[in-house]
Amino acid sequence: MSLGRRVVITGMGAVTPIGVGVENFREGLLAGKKGFAPITEFDASEYKCKVCAPVRDFVPEEHMDKKAARRMERFSQMAVAAAGEAMKDSGLDMEKEDPYMVGCAVSSGIGSLQAMEREHAKLLEKGPGRVGPLLVPLMISNMAAGNVSIAYGLKGKSINVVTACASGTHSIGEAFRTIQYGDADVMVAGGCESSITPIGVAGFAALNALSTLEDPKRCSIPFDKDRSGFVMGEGAGVLVMEELEHAKKRGAKIYAEVVGYGSSSDAFHITSPAEDGQGAARAMMNAVRDAGAELTDITYINAHGTSTHLNDLFETRAIKMAFGDHAKNIKINSTKSMIGHLLGAAGAVEAIACVLQLQSGFVHATVGLQETEEELDLDYCKEAVQTKLTYALSNSLGFGGHNASLLIKAYNE
């Protein structure tokens with residue numbers, strides 16, 4: 001059990017394929033909205049995958065001035081927008097804060113493939129002298145955290161945890177630890193990603209990781225026997241996390257409390273999860289133990305649930321390994337059934353989904369799930385349910401064997 005300071009969530013911001021802004025995202029979850037569409041970002045006629053989960057109603061200039069927007073790539077723009085919403089939502093006044101005690105942990109797993117593709121084409125067509133001088137600072141993944149820190153004057157610890165699809169969850173977990181340890185009073189934490197590009201789609205398709213179905217109702221169906229891969233999405237999710245007494249002193253509203261963080265490595269394969277689920281199971285158990293909770297206290301899990309054959313099977317095995325017979329009593333859903341896979345942003349947006357469900361007691365459906373296969377015999381929420389929740393456990397599992405779990409609790413003084 002952690003002996004550190006209590007950490008609460010006081011602000012949230014989201015840019016997602018089913019809604020820009022937390023309220024629109026919440027309404028999308030309630031409605032079971034699917035955010036899938038044909039790829040129009042480039043000519044995908046020769047690609048095996050022809051669908052994505054885009055955020056086509058995101059207008060950067062509505063969230064920052066035009067000059068600032070021009071000096072950022074799309075993943076950073078989304079991060080700054082989500083962070084701005086979260087900061088405003090929290091009511092945090094930076095003029096009244098010690099800026100060196102307000103940090104930033106906003107991650108991207110990839111950075112800007114758009115900048116890389118664009119400038120590489122210039123290199124090949126026009127030579128090295130035509131490569132843009134801002135290529136590197138536009139492209140590298142840490143610039144999400146850098147731009148968020150610059151935009152809002154955050155002078156404390158600023159980090160970018162790059163663990164592929166676990167990046168957002170690890171960032172929130174490391175922000176949690178930072179506040180517990182006393183290195184910050186406030187952390188702006190989450191993840192962002194925008195990689196719906198020719199090389200991004202071609203690369204994941206070459207791994208046979210992407211769904212080749214074009215039907216929006218069936219292209220992302222986690223835990224279904226007919227699942228065929230994930231749909232690449234984009235977006236950002238950012239939380240304002242705060243030491244409890246600091247939040248209470250300034251009269252902040254409190255959405256929920258982060259109480260546990262667990263991580264592990266499969267040390268098994270660069271893309272496949274461990275077949276027995278042991279690594280992911282350990283991350284979940286570590287998060288529950290970190291909170292001082294019992295495994296039987298957990299009644300809801302927001303699964304990584306990518307809709308790939310191996311992930312959904314091995315994550316199910318992991319849940320059974322961690323929770324034993326109690327696994328049958330746990331409500332499990334996958335937000336990716338609606339928003340696709342946001343890669344480095346996935347865990348952050350899904351953490352926001354967890355908070356929204358804790359608040360309302362509404363557990364959203366794994367939308368599109370019709371029939372599972374023999375070993376997938378847990379409760380994956382074919383239909384939405386209304387139930388009282390005390391805890392929400394959120395899983396993220398990344399290429400390279402990176403496992404991360406967050407345990408979020410309904411706030412109680």
Side-chain angles (χ1 to χ4, degrees), residues 165-166 169-170 173 220-225 227 230 259-269 272-291 293-337 341 346-347 350-351 353-354 357-358 363-367 369 371-385 387 389-399 401-409:
C165 306
T169 298
H170 271 132
S220 180
I221 45 173
F223 304 108
D224 194 285
K225 67 180 181 60
R227 66 193 183 278
F230 72 80
V259 292
Y261 169 46
S263 56
S264 69
S265 174
D266 286 340
F268 173 71
H269 190 272
S272 173
E275 295 178 9
D276 62 1
Q278 186 171 355
R282 178 60 67 91
M284 287 184 272
M285 290 187 289
N286 286 351
V288 175
R289 184 179 66 243
D290 187 39
E294 299 295 330
L295 291 168
T296 52
D297 292 334
I298 309 306
T299 58
Y300 166 64
I301 296 175
N302 188 290
H304 189 54
T306 60
S307 191
T308 62
H309 179 75
L310 294 182
N311 175 89
D312 296 0
L313 175 61
F314 298 164
E315 188 174 9
T316 294
R317 290 177 181 173
I319 292 169
K320 291 178 179 179
M321 179 177 288
F323 293 94
D325 291 341
H326 178 62
K328 298 278 189 180
N329 303 320
I330 299 174
K331 300 290 183 186
I332 302 164
N333 63 10
S334 173
T335 306
K336 293 180 181 70
S337 65
H341 196 344
E350 288 156 13
C354 286
Q357 290 173 101
L358 280 172
V363 178
H364 73 68
T366 299
V367 181
L369 174 60
E371 185 179 349
T372 60
E373 58 198 30
E374 182 177 359
E375 198 173 337
L376 274 60
D377 56 357
L378 301 179
D379 182 356
Y380 305 108
C381 296
K382 289 182 182 179
E383 304 290 338
V385 295
T387 183
L389 295 176
T390 301
Y391 291 100
L393 183 66
S394 182
N395 290 338
S396 293
L397 318 174
F399 280 179
H402 305 287
N403 305 308
S405 295
L406 286 171
L407 189 60
I408 305 171
K409 186 180 182 182

Taking the side chain as everything from C-beta on, heavy atoms only, tell me whether [X] gets closer than 4.5 Å to [Y].
X    : Y    : result
F323 : N329 : no
K382 : D224 : no
Y261 : H170 : yes
D297 : T390 : no
N333 : Q357 : yes
L407 : I298 : yes

Checking side-chain contact (heavy atoms from CB on, under 4.5 Å) for the pair T316/Y380: CA distance, chi angles, key distance, verdict? CA-CA 10 Å; T316 294; Y380 305 108; 2.9 Å; yes
Could you pull out the closest heavy-atom pair between [X] and [Y], with the gap in Å?
X    : Y    : result
C354 : A392 : CB-CB, 3.8 Å
F223 : A303 : CZ-CB, 3.8 Å
A274 : F268 : CA-CD2, 3.6 Å
A318 : G277 : CB-O, 3.2 Å
L295 : H326 : O-CD2, 3.4 Å

Apply side-chain contact (heavy atoms from CB on, under 4.5 Å) to residues D312 and K225 and explain how you reach the verdict. CA-CA 10 Å; D312 296 0; K225 67 180 181 60; over 6 Å; no
Salt-bridge criterion met for E275 and R317 (N-O under 4.0 Å):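 Not counted as a salt bridge, because no side-chain N and carboxylate O are separated by less than 4.0 Å.
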Whether D377 and K320 form a salt bridge (side-chain N of Lys/Arg under 4.0 Å from carboxylate O of Asp/Glu) is what I want to check.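 Yes.
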Matching residue for R227 among N311, T372, L313 - test: side chain to side chain contact (heavy atoms under 4.5 Å, CB included): L313
Single hit among L397, L393, D290 for side chain to side chain contact (heavy atoms under 4.5 Å, CB included) with S405: L393
Could you check D266, N286, T169 and say which one makes a side-chain hydrogen bond (donor to acceptor under 3.5 Å, both in side chains) with N403?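 That would be D266; it is the only one of D266, N286, T169 passing the side-chain hydrogen bond (donor to acceptor under 3.5 Å, both in side chains) with N403.
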